[in-house]
There are 2 protein chains.
Amino acid sequence: METSREAWKLMVGLVYPPRWLAIARKLGLTPPGLGALRLLDEPRTMGEIAAFLHCDPSNVTGIVDNLEEKGLAERRPSPQDRRVKLIELTAAGRRTRGRLIREIERPPEWMEALSDEDQRTLRDLLQRAVEKASGSANP
Amino acid sequence: METSREAWKLMVGLVYPPRWLAIARKLGLTPPGLGALRLLDEPRTMGEIAAFLHCDPSNVTGIVDNLEEKGLAERRPSPQDRRVKLIELTAAGRRTRGRLIREIERPPEWMEALSDEDQRTLRDLLQRAVEKASGSANP
DNA sequence: TATTGTTATACTCTATAACTATA
DNA sequence: TATAGTTATAGAGTATAACAATA
């Protein structure tokens with residue numbers, strides 16, 4: 001088999017299924033709620049959240065309702081344009097977001113188990129790959 | 001930042017979003033339909049399909065109905081146990097499945113763009129990772 | 001009685017369209 | 001008139017429970 005096909009097969013097996021489904025469940029969030037929380041490093045409008053989640057703005061109403069019910073976020077009207085609502089995390093929301101980011105960014109066990117040299121090799125190689133990918137489409 | 005965290009971040013960026021959503025759309029299949037077709041290298045029962053898709057058996061009825069309507073698969077009763085139905089691909093189904101497998105297994109452009117040496121390095125390194133991962137849980 | 005697959009039904013997630021309140 | 005967000009509603013995808021055929 002071609003080397004690249006073998007490598008791709010191995011990679012897919014190591015990355016799927018995605019961990020963020022389990023993380024969302026653990027934190028009591030729906031997958032879109034998790035996505036929204038991830039974006040909310042600073043106050044964002046409903047429209048910005050919809051664009052980030054690639055979903056219709058009408059859905060964001062429910063998603064943000066849910067975060068508000070859990071005491072993680074609050075709506076407040078924008079001072080510049082009172083049609084716009086800014087969604088801002090509460091103190092509890094910032095704590096939950098911190099846990100979330102840590103969980104998502106934590107490398108899986110198999111990667112921690114690699115030697116330091118392998119980890120560096122992998123990082124550098126993937127860095128080169130990202131540079132090559134930046135030219136092609138990434139939907 | 002830790003090397004492994006950097007590597008993980010790069011890897012996630014290169015693998016997501018998953019391509020099989022686009023592949024399913026291109027072939028006119030739903031995501032579960034695509035999963036079922038992938039499994040059907042040989043005749044399978046409804047229950048086997050449900051287990052493979054991690055979904056309730058009641059859903060498989062609709063999924064297989066859909067494949068039948070498209071002329072890709074056919075139900076036939078098992079000779080051993082007439083409660084059981086065996087789902088088998090038609091000639092068209094085998095053709096579509098072939099395209100599907102080729103698409104899914106095809107490495108992304110960024111990987112083809114790597115040097116032969118990088119591809120070998122990556123494959124060998126991931127192979128070691130898989131061996132280390134085989135001990136830990138993989139839900 | 002137990003099991004395979006189906007049907008009936010409900011719940012969630014998503015989108016479209018109509019509505020409101022601003023601009 | 002146009003835009004941000006909401007509500008009403010409908011369509012997928014999924015699950016549970018009751019059912020028919022078979023074991």
Side-chain angles (χ1 to χ4, degrees), chain A residues 17-18 20-40 42-70 73-89 139, chain B residues 17-18 20-40 42-70 72-88 139:
Chain A
W20 39 267
L21 290 173
I23 296 171
R25 221 177 315 120
K26 190 160 95 177
L27 296 176
L29 296 165
T30 60
L34 180 133
L37 203 61
R38 223 182 130 193
L39 176 69
L40 288 166
E42 56 182 77
R44 306 283 187 174
T45 69
M46 302 294 276
E48 284 169 342
I49 296 173
F52 180 70
L53 298 178
H54 296 103
C55 77
D56 191 88
S58 61
N59 297 314
V60 180
T61 300
I63 293 163
V64 170
D65 284 353
N66 202 279
L67 293 177
E68 278 198 324
E69 282 159 22
K70 292 192 167 63
E74 281 173 349
R75 284 171 168 94
R76 62 180 172 80
S78 161
Q80 286 89 24
D81 182 340
R82 275 152 47 219
R83 289 173 306 180
V84 173
K85 281 168 190 165
L86 288 169
I87 317 307
E88 193 166 13
L89 292 186
Chain B
W20 39 267
L21 290 172
I23 296 171
R25 219 177 316 121
K26 191 159 94 176
L27 296 177
L29 297 165
T30 61
L34 180 133
L37 202 62
R38 225 182 129 191
L39 176 67
L40 288 166
E42 56 182 79
R44 307 284 188 173
T45 68
M46 302 294 275
E48 285 169 341
I49 295 174
F52 181 71
L53 298 178
H54 297 102
C55 76
D56 191 88
S58 61
N59 297 314
V60 180
T61 300
I63 293 162
V64 170
D65 283 352
N66 202 279
L67 293 177
E68 278 199 323
E69 283 160 21
K70 291 192 168 63
L72 302 176
E74 281 172 351
R75 285 170 167 93
R76 60 180 173 82
S78 162
Q80 286 89 24
D81 181 342
R82 273 153 48 220
R83 290 173 303 179
V84 172
K85 282 172 189 160
L86 287 169
I87 317 308
E88 191 166 16

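Side-chain atoms are counted along with the backbone in the values below, which use heavy atoms only and exclude waters and symmetry mates. Throughout, a chain's letter reflects where its sequence line sits, starting with A, and its residues are numbered from 1.
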Rounded to the Å, how far apart are [X] [atom1] and [N] [atom2]?
X	N	atom1	atom2	answer
B:L86	C:dT4	CG	C1'	12 Å
A:R75	C:dA21	CZ	C1'	15 Å
A:L21	D:dT14	CG	P	12 Å
A:L29	C:dT12	CG	P	16 Å
A:R83	D:dT1	CZ	C1'	11 Å
A:L53	C:dC13	CG	P	13 Å
A:I63	D:dG5	CD1	C1'	13 Å
A:D65	C:dT12	CG	P	14 Å

- [ ] Could you tell me whether the phosphate oxygens of C:dT4, OP1 or OP2, come under 4.0 Å of any side-chain nitrogen or oxygen in B:R82?
- [x]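 Checking B:R82 against C:dT4: no side-chain N or O falls below 4.0 Å of OP1 or OP2.
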Task: Contact summary for A:L67 and A:A36, nearest pair of heavy atoms - done: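 Shortest heavy-atom contact: CD1-CB, 4.2 Å.
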- [ ] Provide the closest heavy-atom pair for A:I49 versus A:R44 in the form atom of the first, atom of the second, distance.
- [x]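 In this case the closest contact between A:I49 and A:R44 is CG1-CB, 4.2 Å.
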- [ ] Would you indicate what A:S78 reaches in the nucleic acid, counting non-hydrogen atoms under 4.0 angstrom: base, sugar-phosphate, or nothing?
- [x]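 Touches nothing.
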Open item on the list: Over all strands shown, is B:D81 touching base, sugar-phosphate only, or nothing at heavy-atom distances under 4.0 angstrom?
Closed with: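 Sugar-phosphate only.
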Open item on the list: Is there a side-chain contact between A:M46 and A:I87 in this structure, where contact means two heavy atoms from C-beta onward sitting under 4.5 Å apart?
Closed with: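 With C-beta onward as the side chain, the pair touches.
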Open item on the list: Less than 4.5 Å apart, side chain to side chain, heavy atoms only: is that true for A:L53 and A:I63?
Closed with: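 Side chain of A:L53 against side chain of A:I63, heavy atoms only: contact under 4.5 Å found.
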Task: Flag, side chain of A:E68 to backbone of A:R75, donor-acceptor distance under 3.5 Å - done: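 Present.
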- [ ] Counting heavy atoms from C-beta on, name the nucleotide in C:dA15, D:dT6, D:dG5 closest to the side chain of A:T45.
- [x]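 In terms of side-chain proximity for A:T45, the closest of C:dA15, D:dT6, D:dG5 is D:dG5.
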Open item on the list: Of the listed nucleotides (C:dA15, C:dT14, D:dT6), which one gets closest to any side-chain atom of A:K85?
Closed with: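 Of the candidates, D:dT6 comes closest.
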Task: 5'-most by nearest nucleotide on DNA chain D - A:M46 or B:N59 - done: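 Here A:M46 is the residue nearer the 5' end.
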Open item on the list: If you assign A:D56 and A:P31 each to the DNA chain C nucleotide with the nearest heavy atom, which residue ends up on the more 5' nucleotide?
Closed with: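 Its nearest nucleotide being more 5', the pick is A:P31.
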- [ ] Indicate, yes or no, whether a donor-acceptor pair under 3.5 Å links the base of C:dT16 to the side chain of A:S58.
- [x]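 Pair found.
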